[in-house]
2 protein chains.
Amino acid sequence: MSTKQKTNLALLGLLSWKPMSGYDIKKLVDIGLSHFWNENYGQIYPTLNRLVEDGYAKKKVDSSSGKRKRNIYSITKKGEDKFRDWISLPSSPPSVRNELQLKFFLSGKLPVATSRKIIRAYRQQQKAVLDEYMDSEKILREAIANDAYPEEVRQIFEGQPEPLNRKKRAKQCGVFMLTLRHGILAIEGRLKWCDEVMEYLGR
Amino acid sequence: MSTKQKTNLALLGLLSWKPMSGYDIKKLVDIGLSHFWNENYGQIYPTLNRLVEDGYAKKKVDSSSGKRKRNIYSITKKGEDKFRDWISLPSSPPSVRNELQLKFFLSGKLPVATSRKIIRAYRQQQKAVLDEYMDSEKILREAIANDAYPEEVRQIFEGQPEPLNRKKRAKQCGVFMLTLRHGILAIEGRLKWCDEVMEYLGR
DNA sequence: TGACAATATATCAAAGTGATATATCATGTT
DNA sequence: AACATGATATATCACTTTGATATATTGTCA
């Protein structure tokens with residue numbers, strides 16, 4: 001029950017949203033999921049091939065006029081079954097690698113000034129990300145309030161500009177906003193921690 | 001500037017605390033750092049060998065009477081320099097893989113009941129870990145208040161029961177407690193998120 | 001026309017993971 | 001004394017993941 005070795009399920013789940021190319025998947029993960037998930041090309045392309053081999057997805061070459069050739073993958077019935085099975089299986093706890101936290105822990109034998117420097121760097125790094133997230137949150141909240149469908153979300157959920165009913169749009173915005181909230185709360189916790197540490201170490 | 005490929009530096013930093021065997025390192029990471037770092041044998045033993053090859057650490061075989069043979073690694077001057085250099089280098093943002101978060105995001109096309117189930121599982125999993133951490137925190141806080149040196153911390157920082165002055169002990173307990181606080185704040189953020197989501201989805 | 005960025009697929013060495021194999025020693029049980 | 005069990009300790013291996021780079025096409029702007 002490990003967080004690792006889940007790329008195939010992650011890709012399957014993403015394809016259950018909509019058919020996508022490997023490139024689309026990479027963009028979606030980088031833009032929308034980066035604070036709790038990550039994938040890279042070296043994994044995406046071979047995994048997509050394996051999903052097709054195993055019958056969980058199928059590939060369609062899209063060569064619409066004037067555009068570069070794209071391999072579009074869509075989930076099959078078998079893939080959807082597998083995806084749903086995984087959803088209800090027990091999940092492993094989050095796996096984290098936090099370099100600045102590690103540095104702080106290891107700085108215990110170095111001068112306190114060094115520990116303080118690490119915390120300041122941590123705070124600054126996290127604050128910058130928080131600002132980004134807060135901007136996105138504002139856009140999303142306003143969109144939901146106005147029953148709108150902001151470009152930022154449309155881009156992520158829609159490959160082709162295809163009409164979508166109001167209820168579905170609202171749900172997509174909701175999921176996306178809640179996901180963003182998770183990122184924001186995680187960062188707020190880290191900032192609070194930085195403050196606690198600075199308090200403890202003395203300024 | 002990536003969180004990955006940092007095992008050699010992590011091990012170097014741990015050896016700067018005290019000389020240790022690969023087994024000691026694994027235990028220390030599992031017990032004390034698991035909420036922000038992880039290492040495994042498959043990486044630890046080869047990396048220790050490489051550290052020795054490159055002159056960052058040296059190995060000493062400990063075969064004290066009646067005990068199983070242990071390979072004890074200690075950091076060299078060259079290793080300490082490398083460690084200190086890394087400490088002041090810029091650090092990459094935390095890298096996370098959170099399976100339950102991913103499942104929630106992907107559940108957007110499934111019935112809301114499924115999303116709720118995921119959140120409940122997430123909350124329960126995180127609450128259990130929080131309880132553990134809170135117990136440890138209590139022990140540590142009391143120890144610090146009483147100027148004591150609890151077995152839990154001694155075990156981690158001391159291989160050999162060697163006397164240590166009060167100031168150093170206090171600092172060790174402090175670093176350990178603050179590190180634990182990071183874990184606690186992270187989990188509290190996740191629990192708060194679960195509550196927000198349940199609120200949003202409706203119970 | 002050329003420079004540059006975005007789109008798109010692919011590959012690979014190096015690093016990390018999870019699991020298991022092997023062996024020694026301490027403890028307790030029958 | 002024989003045996004089981006669990007903690008200590010090192011090691012290995014197939015598989016997965018990472019980071020980086022190579023390659024080519026299309027869109028844009030000067």
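Every chain is numbered from 1, with letters handed out A, B, ... down the list of sequences.
Closest contact between the side chain of A/Q5 and the listed nucleotides D/dT8, D/dT16, C/dA10 involves D/dT16. Here the nucleotide nearest the side chain of A/Y41, chosen from D/dT12, C/dG18, C/dT9, is C/dT9. Of the candidate nucleotides D/dT16, C/dA15, D/dT8, D/dT8 has the atom lying nearest to any side-chain atom of B/K27.
Atom pair B/N8:CG and C/dA14:C1' shows a separation of 12 Å (rounding to whole Å applied). In this structure, the NZ atom of A/K59 is 11 Å from the C1' atom of C/dA10, given to the nearest Å. Taking atom NZ of residue A/K67 and atom P of nucleotide D/dG27, one finds them 8 Å apart after rounding to whole Å. Protein atom CG of B/N40 is 5 Å distant from nucleotide atom P of C/dT17, rounded to whole Å. A straight line from CD1 of B/I44 to C1' of D/dA9 spans 12 Å, rounded to a whole angstrom. Distance NZ (A/K26) to C1' (C/dA8): 14 Å, rounded to an integer number of Å. Rounding to whole angstrom units, OH of residue B/Y23 and P of D/dA7 are separated by 8 Å. Taking atom CG of residue A/N38 and atom P of nucleotide C/dT17, one finds them 12 Å apart after rounding to whole Å.
Contact annotation: side chain of B/R70 to base of D/dA9, donor-acceptor pair absent below 3.5 Å.
Residue B/S21 places none of its side-chain N or O atoms closer than 4.0 Å to OP1 or OP2 of D/dT8. A sub-4.0 Å separation between OP1 or OP2 of C/dA15 and a side-chain N or O of B/Q43 is absent. Side-chain N/O atoms of A/T7 include none lying less than 4.0 angstrom from OP1 or OP2 on D/dT16.
Geometrically, B/K109 does not engage A/W17 in a cation-pi contact, judged by NZ or CZ lying under 6.0 Å from the ring centre and within 45° of the ring axis.
As judged by a 4.0 angstrom heavy-atom cut-off over every strand, B/T47 is placed among residues making no nucleic acid contact. No contact: A/R50 has no heavy atom under 4.0 Å from any strand. Residue contacts for B/G42: at a heavy-atom cut-off of 4.0 Å it reaches a base atom on one of the strands shown.
Between A/L140 and A/C173, the shortest heavy-atom distance links the atoms CD2-O, 4.1 Å.
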### Query
Stepwise, does the ring pair (Phe, Tyr, Trp, His ring centres under 6.0 Å) test hold for B/H35 with B/Y133?
CA-CA 10 Å; B/H35 57 93; B/Y133 287 0; 5.3 Å; yes

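Along DNA chain D, the nucleotide nearest A/K69 and the nucleotide nearest B/R97 are compared for position; the residue whose nucleotide lies closer to the 5' end is B/R97.
One N or O on the side chain of B/K103 and one on the backbone of A/W86 form a donor-acceptor pair closer than 3.5 Å.
Within the 6.0 Å centre-distance limit, the rings of A/W193 and A/F104 are counted as a close aromatic pair.
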